[in-house]
Number of protein chains: 2
Amino acid sequence: MTDTSKAGGEAGRRTAAHPRTPKAPPTIYDIAVLAGVNPSTVSRALSKPGRVSAKTAQKIMEAAEELNYQVNVFARALPTGRTQTIGLIVSDITNPAYFEVIRGAETAASAHGYTLMLAESAESADLEMTAARRMLATVDGLILASPRLSDEEIGRLSSTKPVVVINRSVAGVTSMVADIEAGVTDAVRHLAAMGHAAISYVPGPERSWMSQRRWESIKARCDWHGIEATMEAGQQPTVDGGRRAAAAVRAGRATAVFCYNDLMAIGLMRELQAAGLAIPEDLSILGFDNIFGSDFTTPPLSTIKSPLHALGASALESLLAAGDRAAQLQDDPALPTELVLRGSTGQAREGQKMSGNSLATG
Amino acid sequence: MTDTSKAGGEAGRRTAAHPRTPKAPPTIYDIAVLAGVNPSTVSRALSKPGRVSAKTAQKIMEAAEELNYQVNVFARALPTGRTQTIGLIVSDITNPAYFEVIRGAETAASAHGYTLMLAESAESADLEMTAARRMLATVDGLILASPRLSDEEIGRLSSTKPVVVINRSVAGVTSMVADIEAGVTDAVRHLAAMGHAAISYVPGPERSWMSQRRWESIKARCDWHGIEATMEAGQQPTVDGGRRAAAAVRAGRATAVFCYNDLMAIGLMRELQAAGLAIPEDLSILGFDNIFGSDFTTPPLSTIKSPLHALGASALESLLAAGDRAAQLQDDPALPTELVLRGSTGQAREGQKMSGNSLATG
DNA sequence: TTGTAGGCGTTATCAA
DNA sequence: TTGATAACGCCTACAA
């Protein structure tokens, strides 16, 4: 039997007068004693303002202040399951494109009193799943930026707690996708005006929905302009991945190349330059995102800028708006991309073959 | 009175036969029923292997497997206070220098079964304190990378839970600092050999201990070589901060400039180039860290490379090693820096003044 | 508006 | 080795 049956809710509890250990952090019981009210009143005053009289609320706040009280998030989470924490998983923490996504999400989170928990999948579906599982245990909601997971896996995840994906579309899951049409349309029009008649695209990983999406958009616009569009083999979405695409690009007839992202575009450009090609004279190169550093290559990179900050912020906002409207927002025109023309694009080279030395394969 | 007094520990609990809600996650009580043992035995089997007979452990594991059991981290944290989570606060998430610090910490964390929680202070001591407080409530330990907090504040933080600082030295707090001497020694020697007789240093924020440390090291080496060394006004440790230092640098007589970090070095270089100066002919520029992008400026940046990954990993390791040896490891020779010579450094210009147009002040 | 009392899922302390 | 039971700190019907 329990002694609670004899002395009520406070029996067996440690009181302000008899702390169990000298420096245990104060609890609502300590506050209750100091303010001369019941612990449950303290709880109410602290978590649902308005459900308690102004006077007692005042007393309680002062007592809490005096004791330097901090809620125990575990104790709070145990009955409620809520932690005021949102998880964000990015595919690659070393991709500067995520800077602003993270900042956007973090800013929006703080604004709502939430904390952001960050993890990366390092481009691995397995690691992503592990991180997602771990986070879901702790977090009120999850944002997946450019996930490498399958649709089914994401769907399963989202059945547990609210999930929002960025740069991905999954049936039944809220999704934040930039409207790439604006940027691609401008870019292809520009290329057409510069005389380019054959364009190629270097995609990222196969698991990247956004890579596929970008190709479709480019293809469609090229068709419209009567430009030949071809797709190269997929690569890792990194500087090295871009480098590896160099040989194939050189072997083709395209006079302009879109890369899945700026990282790849930079890698491709540098590898080509190392082999003696002139950019943009021999080849025009375009990236996506407009990341840190894309403006200090030589030539500076032309790119299609993504609304990275807004993507992160909107994802978080719509997560907090708690799946009211699910699975919408695809190619949201409120998240437009924009062509940023710099030095890596120019007039199409004339009929002759590219100059340059032979290229190491790899 | 409670009904527990009549029916023992399981009374009033929801059982496998009578789940409270249709799909509530399984608990150790469910496992206990399925395995025919007491819940406390399940707890032991799950959290302290070896304290239970192999046979029952086996049964329990199978039951857990079958129910797809996941521990409730809050429930576990309530009595223990431990969460298997480590916090990492960086001063600026958009500084690529933290890429590898984060990766290093994250890798080491996963290797030990810990999860990393990341936050940034955006170069603000207030935000840093807020983030630190929030994290300390949840986390088993905290890593502060280039903190902007005062020594006292950090000391106070570390009295709560284990804290490790990176690029900072605080009495009584474990600290991971790269050994900058190696890199600086080589750099100054190189500059001396190239005929530089006056060097200046563009520091970062005053709150940055590392910035001060770098200056001391540079000054000491310059003294040794009989080179004049001056320090400019402090700036934000960003590309813009570097730009803002351009006017002062030009006004001085130094023929070579160290910047607190690569971000600033890149900003300074670009601002100077925009004004018509030639790098390195008119001025040699050096950064610290060797960040992403420092090799694709024109000229590529010479810099003193920091062991970023090792810093993050060691910080985490020594955090888990739980303050066994506190406040050591300053300028740990196991974490050496290294001079990376690229194109932004060269022969000192001769007596004549720098060329170039007038420079906007700011 | 405030108090009472039971429960959230786990660990830890005793006994058995 | 295993079982019983009291915390852990907070929330929340329900009652007053």
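Naming convention: chains lettered A, B, ... in sequence-line order (proteins, then strands); numbering from 1 in each chain.
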Any side-chain donor near an acceptor of the partner, [X] and [Y], under 3.5 Å:
X: B:T83; Y: B:Y114; result: no
X: A:S124; Y: A:E128; result: no
X: B:E317; Y: B:H112; result: yes

Starting at atom [atom1] of [X], determine the distance to atom [atom2] of [N], rounded to an integer number of angstrom.
X: B:Q58; N: D:dT1; atom1: CD; atom2: P; answer: 17 Å
X: A:I28; N: D:dT12; atom1: CD1; atom2: C1'; answer: 11 Å
X: B:I60; N: C:dT10; atom1: CD1; atom2: C1'; answer: 14 Å
X: B:K59; N: D:dT1; atom1: NZ; atom2: C1'; answer: 12 Å
X: B:Q84; N: C:dT10; atom1: CD; atom2: P; answer: 15 Å
X: B:L46; N: D:dT2; atom1: CG; atom2: P; answer: 14 Å
X: B:R76; N: D:dG9; atom1: CZ; atom2: C1'; answer: 18 Å
X: A:Y29; N: C:dA5; atom1: OH; atom2: P; answer: 12 Å

Residues which pass salt bridge (charged side-chain N to carboxylate O under 4.0 Å, His left out) with B:R103, listed by chain and number, not counting sequence neighbours: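 Partners of B:R103 under the salt bridge (charged side-chain N to carboxylate O under 4.0 Å, His left out) test: A:D92, A:E120.
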
Axis-to-axis angle between the two ends of the helix from C:dT1-D:dA16 to C:dA16-D:dT1 (five base pairs per end, rounded to 10 degrees):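 The angle, to the nearest 10 degrees, is 30°.
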
So which protein nitrogen or oxygen atoms get under 3.5 Å of nucleotides 12-16 of chain C's nitrogens or oxygens?
residue	atom	partner	partner atom	Å
C:dA12	OP2	B:K48	NZ	2.9

Under 3.5 Å, which donor-acceptor pairs link side chains of residues 63-79 of chain A to any protein atom two or more places apart or in another chain?
residue	atom	partner	partner atom	Å
A:N72	OD1	A:F74	N	2.8
A:N72	OD1	A:A75	N	2.9

Side-chain N,O (A:T41) to OP1/OP2 (C:dG3) below 4.0 Å: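 So the side-chain polar atoms of A:T41 do come within 4.0 Å of the phosphate oxygens OP1 or OP2 of C:dG3, strictly under.
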
B:N72 side chain near C:dC8 phosphate (N/O to OP1/OP2, under 4.0 Å):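 False: B:N72 side-chain N/O out of range (4.0 Å or more) of C:dC8 OP1/OP2.
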
Close side-chain approach of A:I86 to A:T115, heavy-atom, < 4.5 Å: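 They are not in side-chain contact.
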
Distance-only donor-acceptor hits, side chain of residues 41-53 of chain B, under 3.5 Å, sequence neighbours excluded:
residue	atom	partner	partner atom	Å
B:S47	OG	B:S43	O	2.7
B:S53	OG	B:T56	N	3.2
B:S53	OG	B:T56	OG1	2.9

Heavy-atom donor-acceptor pair, B:E153 side chain to B:S150 backbone, under 3.5 Å: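 Confirmed, B:E153 side chain pairs with B:S150 backbone.
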
With B:D151 via side-chain contact (heavy atoms from CB on, under 4.5 Å) - residues at least two apart: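 Partners of B:D151 by the side-chain contact (heavy atoms from CB on, under 4.5 Å) criterion, ordered by chain and then number, come out as B:R168, B:V170.
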
Sugar-phosphate only, base, or nothing, as touched by A:V42 at under 4.0 Å among non-hydrogen atoms: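 No contact at all - A:V42 keeps every heavy atom at 4.0 Å or more from the nucleic acid.
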
Of B:A75 and B:T56, the one whose closest DNA chain D nucleotide lies more 5':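 Looking at the nearest nucleotide for each, B:T56 comes out on the 5' side.
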
